[in-house]
There are 2 protein chains.
Amino acid sequence: MKTELDSDRDFSQQIARTIRDAILGGDLPADGRLPSESDLAAQFNVSRPTVREALKRLAAQNLIRTQRGATGGAFVNRLGFDEAQEHLVTTATLLLSMNRVDFETACESRFALERACLPLACARRAPAHLAALHAEIARQGTEGLSDEDFCASDVAFHRALVDAAANPVLSWHLAGAVEAMQPLMNMITFTARSRARIVALHGALADAVAARDADAAGAAMDSLAAYTLELGGQIRARRARPAPDTAAG
Amino acid sequence: MKTELDSDRDFSQQIARTIRDAILGGDLPADGRLPSESDLAAQFNVSRPTVREALKRLAAQNLIRTQRGATGGAFVNRLGFDEAQEHLVTTATLLLSMNRVDFETACESRFALERACLPLACARRAPAHLAALHAEIARQGTEGLSDEDFCASDVAFHRALVDAAANPVLSWHLAGAVEAMQPLMNMITFTARSRARIVALHGALADAVAARDADAAGAAMDSLAAYTLELGGQIRARRARPAPDTAAG
DNA sequence: TCGTTTGCAATTGTCAGACAATTATCGGTC
DNA sequence: GACCGATAATTGTCTGACAATTGCAAACGA
């Protein structure tokens, strides 16, 4: 591992990058233990707090985990799908909120991606997947469900739909796309009428997937996308901001 | 902002989470300045190094940037697509490499997602997009191009294809999917014959997009996916590891 | 009056040493 | 042999200090 650092630069950043590259390059195997903070400080010729800052940077990226005690230390994290998903959602959420992405753009992106999962979902859906879909549909029909809970169930439904494709990488990508939309979806007020329509479309989707009918599923998804966009019009209307003419040129 | 911390827990992690939630919740506007490290230390009733560790965690997530000097401090980062993309690629790459994701699974995911962009790309492609596609196709036909450069051009081609959909969120997602595949693609040795076939398929894709023929583009993409999978067989054969029976159950 | 320069203050970056908390290991005792 | 305490290693945190950077304003000269 490199022990030379450019002066008049951020040491902890350089150290973090060096270790990160070592991990990505495979020099440090998963679950392998890094030298102790004192050793690293000696290697890089910096103080322990500086090393610690570098380690915290890596910990924030889920690249390492730390453990106290005699056999403790920093260990290379075997990045699981769950943690990576959390990370993806955070980044995606920020990206949408900070760049003032139109509801239309985010919506279009999300449904386009989700539509891509349907053929696979139809081909591979197992009974457990169908059960998950129906469970969420039932929940969405509950009386007195808050808008937030309805949204949460909606997200769960769509994630179950994607999971039916039985491709963890696909599920990971889509989880980011779907969950990042939740703050935007939460701005929508769902009337009883709109809920009923959404639940009906969800039912059509579930049925199509159960029947392994990719075309019908695609059609239902398109309807759902169109209706979601329609509902999203509320948001723009409420904000009363002029619509940018960048969309659908 | 909360100033209470659970004892016997990792302070810096709690502080980072608190500030992170404040940023995600919109309490801290983009480009807004956080209190100085000393002030934060006083607020949370911890020492400055602890606060610094928390800030480094946030900096690692591109949530804040720091600046030295009199008017310096920590500022909420306006997360741009570029930085978010870099982040996404890192996470995706790690996810693929550390979970020993099959080439087939990653490939399937990537092409499924990319296929979802084609209708939009056909609808919105502008002359600049077509020019970018043809430029990469021309580069891929160059004699004496190394495998790595061929791969890089392949990535550039597909990113240009996705960019033609004119949806930045979609481009962001796909950049992660496509670039994360590059290490896997680099394990393939491209013969002159296979290169010619890929270039031909790229040409078909570009022509279909130019003609706004989504069906033809989809067909070309399917062919490309199938052929890439075929080439990927090399990798599994070389590794000589028995294929896990988890795929396509 | 205007432009330049110099000093100051605020802030982050880094260091050194120390102590507390945690945990596995080793040795002793019953 | 089983149980228990001392021990050592390691991370987590604190205190205090100094260096580097940078904006700003006051002082100074033309």
Side-chain angles (χ1 to χ4, degrees), chain A residues 1-20 23 28 31-77, chain B residues 1-20 22-23 28 31-78:
Chain A
M1 189 176 297
K2 269 185 208 167
T3 58
E4 304 278 322
L5 298 177
D6 289 344
S7 189
D8 62 61
R9 289 282 309 264
D10 197 328
F11 285 168
S12 72
Q13 195 165 8
Q14 292 179 66
I15 295 172
R17 186 172 293 274
T18 301
I19 298 178
R20 194 200 71 163
I23 294 175
L28 295 169
D31 295 328
R33 183 179 173 281
L34 270 64
S36 73
E37 294 176 352
S38 304
D39 290 347
L40 286 173
Q43 277 185 36
F44 288 105
N45 203 25
V46 297
S47 68
R48 198 160 79 94
T50 303
V51 167
R52 280 183 63 79
E53 287 180 6
L55 293 180
K56 293 312 170 196
R57 292 181 119 107
L58 298 174
Q61 295 177 288
N62 272 313
L63 282 171
I64 62 170
R65 62 182 182 279
T66 55
Q67 199 175 345
R68 297 222 289 204
T71 59
F75 298 85
V76 178
N77 222 348
Chain B
M1 189 174 297
K2 270 185 207 164
T3 57
E4 304 280 322
L5 298 178
D6 289 345
S7 188
D8 62 61
R9 289 282 309 263
D10 197 329
F11 284 168
S12 72
Q13 194 165 9
Q14 292 179 67
I15 296 172
R17 186 171 293 274
T18 302
I19 300 178
R20 194 201 70 164
I23 295 175
L28 296 169
D31 295 327
R33 182 179 174 281
L34 270 65
S36 73
E37 294 175 352
S38 304
D39 289 348
L40 286 173
Q43 277 185 36
F44 287 106
N45 203 26
V46 295
S47 67
R48 198 162 76 95
T50 303
V51 167
R52 281 183 61 80
E53 286 180 7
L55 293 180
K56 294 312 169 196
R57 291 182 119 107
L58 298 174
Q61 295 178 289
N62 270 313
L63 283 171
I64 62 169
R65 62 182 183 278
T66 55
Q67 197 176 345
R68 300 221 291 204
T71 59
F75 299 85
V76 178
N77 222 350
R78 178 180 298 278

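Per chain, numbering begins at 1; letters A, B, ... match sequence-line order.
Along DNA chain C, the nucleotide nearest to A/Q13 and the one nearest to B/R33 differ in position, and the one closer to the 5' end is contacted by B/R33. Projected onto DNA chain C by closest heavy-atom contact, A/G69 and B/G73 fall at different nucleotides, the more 5' of which corresponds to B/G73.
In the set C/dT23, C/dA9, C/dA16, the nucleotide with an atom closest to the side chain of B/A70 is C/dA9. Between C/dG13, C/dT23, D/dT11, one nucleotide has an atom nearer to the side chain of A/S36 than all others, and that is D/dT11. Considering only the side chain of A/E37, D/dG12 comes nearest among C/dA24, D/dC14, D/dG12. In this structure, of C/dT12, C/dA16, D/dT13, it is C/dA16 that holds the atom nearest to the side chain of A/P49. Taking the side chain of B/R68 as heavy atoms from C-beta on, and the options C/dT14, D/dG12, D/dT21, the nearest nucleotide is D/dT21.
For the pair A/Q14 CD and C/dG13 C1', the interatomic distance rounds to 12 Å; values are reported in whole Å. The nearest whole Å value for the distance from the NZ atom in B/K56 to the C1' atom in D/dG12 is 18 Å. Per the geometry, CZ belonging to A/F11 stands 15 Å off C1' belonging to D/dC18, to the nearest Å. Rounded to whole Å, the distance from CZ on B/F44 to C1' on D/dT13 is 16 Å. The interatomic distance linking B/D10 (CG) with D/dT11 (P) rounds to 13 Å, in whole Å. A straight line from CD1 of B/I15 to C1' of D/dT13 spans 11 Å, rounded to a whole angstrom. When rounded to the nearest whole Å, the span between CD of A/E53 and C1' of D/dG12 equals 14 Å.
B/I19 has its side chain out of reach of B/L63: every pair of non-hydrogen atoms, C-beta onward, lies at least 4.5 Å apart.
Between B/R52 and C/dG13 there is a side-chain N or O to OP1 or OP2 distance below 4.0 Å. Put simply, B/T66 has no side-chain N or O that comes within less than 4.0 Å of OP1 or OP2 on C/dT11. Between A/T71 and C/dA24 there is no side-chain polar atom (N or O) within less than 4.0 angstrom of OP1 or OP2.
Formation of a donor-acceptor pair under 3.5 Å by the A/R33 side chain with backbone atoms of A/G72 is found in this model. Counting only distance, with no hydrogens or angles, the side chain of A/R65 and the backbone of A/A74 share no donor-acceptor pair below 3.5 Å.
One N or O donor and one acceptor, one from the side chain of B/R48 and one from the base of C/dT14, sit under 3.5 Å apart.
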